[in-house]
Amino acid sequence: MQKKQNNNSLSFSESVNRMVDRAISAIGLDPGVANAIKTCQTLVQVKFPVQIRDKIEIFTGWRAVHSTHRLPAKGGIRYAPIVNQDEVEALAALMTYKCAIVDVPFGGSKGGLVIDPSKYTRDELQTITRRFARELIRRGVLSPATNVPAPDMGTGEREMAWIADTYKHLHPEDINYAACVTGKPVAHGGIRGRVEATGRGVVYCMREFFRHPNDIKSAGLDGGLGGKRIVLQGLGNVGYHTGVLLDEEDEAKIVAIIEKDGALINENGLPVEKVRQYITENKTIKGFPDATYVKDGKRVLEMECDILIPAAMEAQITKENAENIKTKLIIEAANGPITFEADEILRKKPITILPDAFVNAGGVTVSYFEWIRNLSHIRFGRMEKRFDELRGQHMITAIESLTQQSAPDWIRDEIIRGADELDLVRSGLDDTMRLAYREISAARNENVKIKDFRTAAYVVAINKIARSYLDIGVY
Ligand code: GLU
């Protein structure tokens, strides 16, 4: 079933495939291998009844496994009233490319459940989630070795804890049960820094972009991230953490925030933390002080700015509004915010796009760290933190006795401090995003047929995936 987005538009999965086709033709990949890479391998659909208050409701969900050239297959589970099979398949494909781009050794998968979580109580959601998890486990698409879900839109730590607990009860003999899902609360085997990981990854990727003078220049920009005028769409998990980090650490100006029920504009910059607090308290963005409210939020995507960050849903920039986009740089923090047709229009404009499969890969990168933590059954840094601190202490003592001077407190603190789990997660994430950016940027510069970052990113991904098919053959 290929659901079309709207009149004569490509479906989400067709849109992803068409973008991937550009990379396939740029490297002249064998059509057989190309098809093997593009095909979604497994699709499980489940329908299950749950008694909600006095009546029985039937829920529909999917788990798509796009690729298994690496195992486990990895990807979030989305809870949304409009989720559909094509969307889940498209998102699973994006997971395949995403993992390859950032060298996370996983295949690609994605799940979805048709549900409006706001209509159910916590207990009801727990019953539904546990039942959904049992259905997925029974069908072989949820286990530490083969298929590992994570949070996505509409799900978070709480749902992941329920899923892990359900798996544990069904497989108490599996010593690695905690690795059956990532994005768990820290007290239940989660890793520090996972909740903010996607947003932080987005910011690391932006910082890396601004370390490449040629890329900055080709985007028609200059200078660094500081002072840039940014329009941010979505204050969910990804948009919120991206916005807070940009706002607090990079002195970039978030001049507009777009949410479901409208947008806020303030040329002097919007305080992301306060806006989010306002939304939590008032259930709307409307009425936030010191900002102009615009009812038709989507129009604000068309506002003139340096950087546009769509961090909400897929298909926000389509052939209907692409012509009006006036930014210089688009950072795709959401999955699939630009349709293929819109991308074709934007390519003809002086607009640089850093693509989703790279930009938002921070989430799955830290999921990978969590999975490894679960398999090793030990928190990162636990063995070496104090040892490193002692070594730092000895170093300071040696320097002070040799120079007969005492080190300033801040230098002493920096040298003595051993890395804890959060330090290591952030350092691993930063390194991952930087290396991936460099690979993509190099691919773009090396091949004259590649002009844009999206095609370059897919070339990087496809070369790696094709290698693994060609090395072992297709059986
Ligand atoms: N749902 C997130 C994504 O789209 C995270 C996936 C994961 O951590 O497995 O990338």
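Indexing begins at 1, ligand by ligand and atom by atom, following the structure's order. Residue numbers run from 1 in the order of the sequence given. Just so it is clear, the model here is predicted, and its values are computed rather than measured.
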Residue-ligand contact [X]/ligand 1, heavy atom below 4.0 Å:
X	value
R194	yes
P151	yes
M153	no

Quiz prompt | Partners meeting ring pair (Phe, Tyr, Trp, His ring centres under 6.0 Å) with Y437 (sequence neighbours left out) | solution = H212, F453
Is [Y] paired with [X] through a side-chain N to carboxylate O contact shorter than 4.0 Å?
X	Y	result
E14	R18	no
R130	D165	yes
E57	K119	no
R211	E208	yes

Quiz prompt | Polar proximity ligand 1 side, N335 side, N/O cut 3.5 Å exclusive | solution =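 Indeed, backbone or side chain, N335 has an N or O that close.
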Practice problem: Answer with yes or no whether the side chains of R134 and T166 bring together a donor and an acceptor at under 3.5 Å. | Solution: no
Quiz item: Taking atom types as modelled and ignoring hydrogens, do the side chains of S367 and R194 form a donor-acceptor contact shorter than 3.5 angstrom?
Solution: yes
Exercise. Give a yes or no on whether R438 atom CZ has more than 12 heavy-atom contacts from other residues, nucleotides or ligands under 6.0 Å away.
Key: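 Yes, because the 6.0 Å sphere around CZ of R438 holds more than 12 heavy atoms from other groups.
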By number and element, which atoms of ligand 1 are closer than 4.0 Å to a non-hydrogen atom of [X]?
X	result
K74	7 (C), 8 (O), 9 (O)
G363	8 (O)
A150	6 (C), 7 (C), 8 (O), 9 (O)
G75	9 (O)
G76	1 (N), 6 (C)
K98	3 (C), 4 (O), 10 (O)
K110	1 (N), 3 (C), 4 (O)

Practice problem: Give the residue and atom name of whichever protein heavy atom lies nearest to atom 8 (O) of ligand 1, and the separation in Å to one decimal. | Solution: S367 OG, 2.5 Å
